[in-house]
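Here the structure comes first, spelled out in C-alpha cells, and everything after it is commentary.
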Amino acid sequence: MKIMVIGAGQMGGGIAQVMAANNHVTYLNDISMELIHKRVDFIGAILQKNVDKGKISPDQRMETLSRILPTISLDDAADCDLIIEAIVENMEAKASIFSKLDLICKPSCIFASNTSSLPLTEIAACTNRPDRVIGMHFMNPVPVMKLVEIIRGLATSDETYEVIKQLAKDIAKVPVEVRDVPGFVSNRVLQLMINEAIYCLYEGVATPQGIDTVMKLGMNNPMGPLELADFIGLDTVLAIMETLYHGYGDCKYRPCPLLRQYVKAGWYGKKSGRGFYQY
Ligand code: CAA
Ligand code: NAD
C-alpha cells in the first residue's frame, strides 16, 4: 500500500515509522521540510536504539528510513492508496486538508484521520467520498502502544472498515471498533481523569508530583495524569476537552481553567519545554 501521513508531529512520525517498518512506502507531509527532517532524525534515533538492543538489524533500520519520503506537496498524494491525517486537533484545519485531498487523490483512496475526538461523520462530509472516510486512532507512542480505535462515520462502508481493520492487524496492532461519538472510548474516559487531576492541582489538593505519585504507585499507571497530559500535549488535551464539553453539553466535561491558562501561555507540555513540569 502507498500511504501519505499528513502531519509530522509526534503522532504522524510514529505512524510513518510503523507503516514504513511494515513495508509500506510512506510519504511524510508537513508545512515545512525542516519539521519533517527533524521528525525523520527522531525516527532514525529511535530505530538506532532498536539496533543497539538487537531488536532490528542495521539494514532493517536503513530500509525503514528509505521508505519514508518527506514532502511538503499534497500533490504527491495522487498515487496513494491511503491517507492518514495527523495534523492539529482542529476541525477547520482537518476539513481544509481533506477537501483539498479529495480533488487530488484517486477515487479509490481511503481517507483515515487520527483525530482524538472530532466527529468522523463531519470530516467525511467535507469530501465526495464519505464511504471511504474512517477514524484510525493510534495511541502515543505509536510504535509501542498496541491499540488502534477504529471509528466509522455515518456513511463509512463495510469495505473501508474491513481494509483498515486488516491493516491494523497486519502492523501488529489490536483494532477496536468504536461508534462516532465525541472522544470515542479512549478520550471520553482518559481525559476526564486528566482534567480531574488538573482540578486537584488548581484547588491545591497536592503538588504535581504528589498527584502523579498517587496515580502511579496507587493505581499502577505507567505515567501520572499530569505527566501524561504533558506527554500528549496540553493544546491537544484542551481541544479534546472542548469537543467533549460541546459535544455532550454536560458540565462534567468543562475544561479546568488552569488548563486553559497554560495553553494561552504557550505551555503545551513536553513538546514546548514547559507544562506541569519543565523539560
Ligand atoms: N517512540 C518510539 N518508542 C518509544 C518512544 C517513542 N516516542 N518512547 C519510548 N519508546 C520505547 C522505548 O524505546 C522502549 O522500548 P523497548 O521496550 O524496546 O526498550 C519502550 O518504549 C519503553 O520506554 P522506556 O524504557 O524509555 O520508558 P518507560 O518504560 O517509562 O515507557 C512509555 C515509556 C511506554 C511511554 C510508558 O511510560 C507508558 O506506557 N506511558 C503511558 C502512555 C499512554 O498512556 N499512552 C496513551 C496516551 S493517550 C493517547 O495516545 C490518545 C489520545 O488521543 C490523546
Ligand atoms: P503535534 O503538535 O505533535 O503535531 C502536529 C503536526 O501537524 C505539526 O508538525 C504541524 O506542523 C503539522 N500541521 C499542522 N497543520 C498542518 C497542515 N495543514 N498540513 C500539514 N501539516 C500540518 O500533534 P500530535 O500530538 O502529533 O497530534 C496530531 C493529531 O493526532 C491530533 O489530531 C491529535 O488529537 C491526534 N492524537 C494525538 C495523540 C497524542 O498523544 N498527542 C494521540 C492520539 C491522537
Side-chain angles (χ1 to χ4, degrees), residues 4-18 21 27-39 42-56 70-74 77 83-101 112-118 120 123 135-149 151 178 182-191 193-194 212 215-216 220-225 227-244 263 268-272:
M4 180 179 279
V5 175
I6 305 187
Q10 51 183 341
M11 294 306 291
I15 295 166
Q17 177 186 327
V18 168
Y27 286 111
L28 183 56
N29 171 277
D30 206 298
I31 50 178
S32 84
M33 269 298 181
E34 195 189 341
L35 283 170
I36 305 171
H37 286 307
K38 222 171 120 186
R39 186 57 58 184
F42 179 82
I43 295 170
I46 292 278
L47 292 173
Q48 186 56 48
K49 276 192 193 164
N50 291 343
V51 172
D52 298 343
K53 287 176 203 157
K55 292 190 165 182
I56 58 170
T71 178
I72 53 167
S73 170
L74 287 183
I83 305 294
I84 306 177
E85 168 277 317
I87 67 167
V88 58
E89 185 73 348
N90 174 285
M91 180 52 89
E92 284 71 41
K94 291 188 193 290
S96 163
I97 281 279
F98 279 119
S99 51
K100 281 182 201 152
L101 287 165
S113 174
N114 185 52
T115 178
S116 295
S117 60
L118 295 166
L120 267 305
I123 293 175
M136 195 175 190
H137 184 209
F138 291 85
M139 302 294 127
N140 189 11
V142 180
V144 178
M145 307 297 282
K146 300 294 282 181
L147 177 72
V148 178
E149 271 185 315
I151 306 104
V178 177
F184 320 129
V185 171
S186 56
N187 282 313
R188 183 167 167 179
V189 176
L190 174 68
Q191 299 302 336
M193 179 184 75
I194 288 179
D212 280 347
M215 298 306 291
K216 277 194 284 190
N220 255 3
N221 289 351
M223 286 175 166
E227 185 187 2
L228 182 57
D230 272 0
F231 179 61
I232 292 167
L234 300 189
D235 52 338
T236 303
V237 171
L238 179 58
I240 297 168
M241 286 309 301
E242 298 282 19
T243 302
L244 293 171
V263 171
Y268 294 163
K270 204 171 172 190
K271 66 183 166 189
S272 74

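The shown structure was predicted, so the numbers you read here are calculated from the model rather than taken from an experiment. We number each residue from 1, following the sequence as shown. Just follow the structure's listing: the first ligand is 1, and inside any ligand the first atom is 1. Just so it is clear, the values below take in all heavy atoms, side chains as well, and ignore hydrogens, waters and symmetry mates.
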Check each atom of ligand 1 against the heavy atoms of [X] and keep those under 4.0 Å away; list them by number with element.
X: Met139; value: 49 (C), 50 (O), 51 (C)
X: Met223; value: 35 (C), 37 (O), 40 (N), 41 (C)
X: Pro222; value: 38 (C), 39 (O), 40 (N), 41 (C)
X: Ile232; value: 48 (S), 54 (C)
X: Val144; value: 3 (N), 4 (C), 10 (N), 11 (C), 21 (O), 34 (C)
X: Leu190; value: 48 (S)
X: Ser116; value: 52 (C), 53 (O)

Could you check [atom] against the protein and tell me its nearest heavy-atom contact, residue, atom and distance included?
atom: atom 25 (O) of ligand 2; answer: Gln10 NE2, 3.2 Å
atom: atom 18 (N) of ligand 2; answer: Ile97 CD1, 3.8 Å
atom: atom 23 (O) of ligand 2; answer: Lys271 NZ, 4.0 Å
atom: atom 14 (C) of ligand 2; answer: Ile87 CB, 3.9 Å
atom: atom 36 (N) of ligand 2; answer: Ser116 OG, 3.1 Å
atom: atom 41 (N) of ligand 2; answer: Ile232 O, 2.9 Å
atom: atom 9 (O) of ligand 2; answer: Asp30 OD2, 2.7 Å
atom: atom 27 (O) of ligand 2; answer: Met11 CG, 3.9 Å

Can [X] be said to touch ligand 1, with heavy atoms closer than 4.0 Å?
X: Lys49; answer: no
X: His137; answer: yes
X: Pro143; answer: yes

Using a 4.0 Å heavy-atom threshold (strictly under), name the region of [X] that reaches ligand 2: side chain, backbone, both or neither.
X: Phe231; answer: neither
X: Asp235; answer: neither
X: Thr236; answer: side chain

Would you say the side-chain atoms of Gln191 pair up with the backbone N or O of Ile240, donor to acceptor, closer than 3.5 Å?
no
Strictly inside 4.0 angstrom of [atom], do you find any protein heavy atom?
atom: atom 22 (C) of ligand 1; answer: no
atom: atom 1 (N) of ligand 1; answer: yes
atom: atom 10 (N) of ligand 1; answer: yes
atom: atom 46 (C) of ligand 1; answer: yes
atom: atom 15 (O) of ligand 1; answer: yes
atom: atom 27 (O) of ligand 1; answer: no
atom: atom 39 (O) of ligand 1; answer: yes

N/O of Lys53 under 3.5 Å from N/O of ligand 1, yes or no?
yes
Any N/O pair Gln17/ligand 1 closer than 3.5 Å:
no
Is any side-chain heavy atom of [X] closer than 4.5 Å to a side-chain heavy atom of [Y]?
X: Gln17; Y: Val142; answer: no
X: Ser113; Y: Leu118; answer: no
X: Ile6; Y: Phe98; answer: no
X: Val5; Y: Tyr27; answer: no
X: Thr115; Y: Thr243; answer: no

Report yes or no: does [X] have a heavy atom closer than 4.0 Å to ligand 2?
X: Lys94; answer: yes
X: Met139; answer: no
X: Gly233; answer: no

Just let me know how [X] lines up against ligand 1, side chain, backbone, both or neither, with a heavy-atom cut-off below 4.0 Å.
X: Leu228; result: side chain
X: Asn140; result: both
X: Val237; result: neither

Taking atom 7 (N) of ligand 1 as the point of reference, which of Ser117, Gly233, Pro141 owns the nearest heavy atom?
Pro141
My understanding is that we take every heavy atom of each candidate and find the minimum distance to atom 43 (C) of ligand 1. Doing that for Met145, Gln10, Glu149, which one comes out nearest?
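Among Met145, Gln10, Glu149, the closest heavy atom to atom 43 (C) of ligand 1 comes from Met145.
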Check this for me: does any side-chain nitrogen of one of Glu89 and Lys94 sit under 4.0 Å from a carboxylate oxygen of the other?
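The answer is yes: the pair qualifies as a salt bridge.
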Should Asp30 and Arg39 count as an ion pair when the cut-off is N to O under 4.0 Å?
no
Do any N/O atoms on Glu85 end up under 3.5 angstrom from N/O atoms on ligand 2?
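In fact, backbone or side chain, Glu85 has no N or O that close.
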Considering distance alone, does some N or O of Glu89 sit under 3.5 Å from an N or O of ligand 2?
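Between Glu89 and ligand 2 (N or O atoms, distance only) the closest approach is under 3.5 Å.
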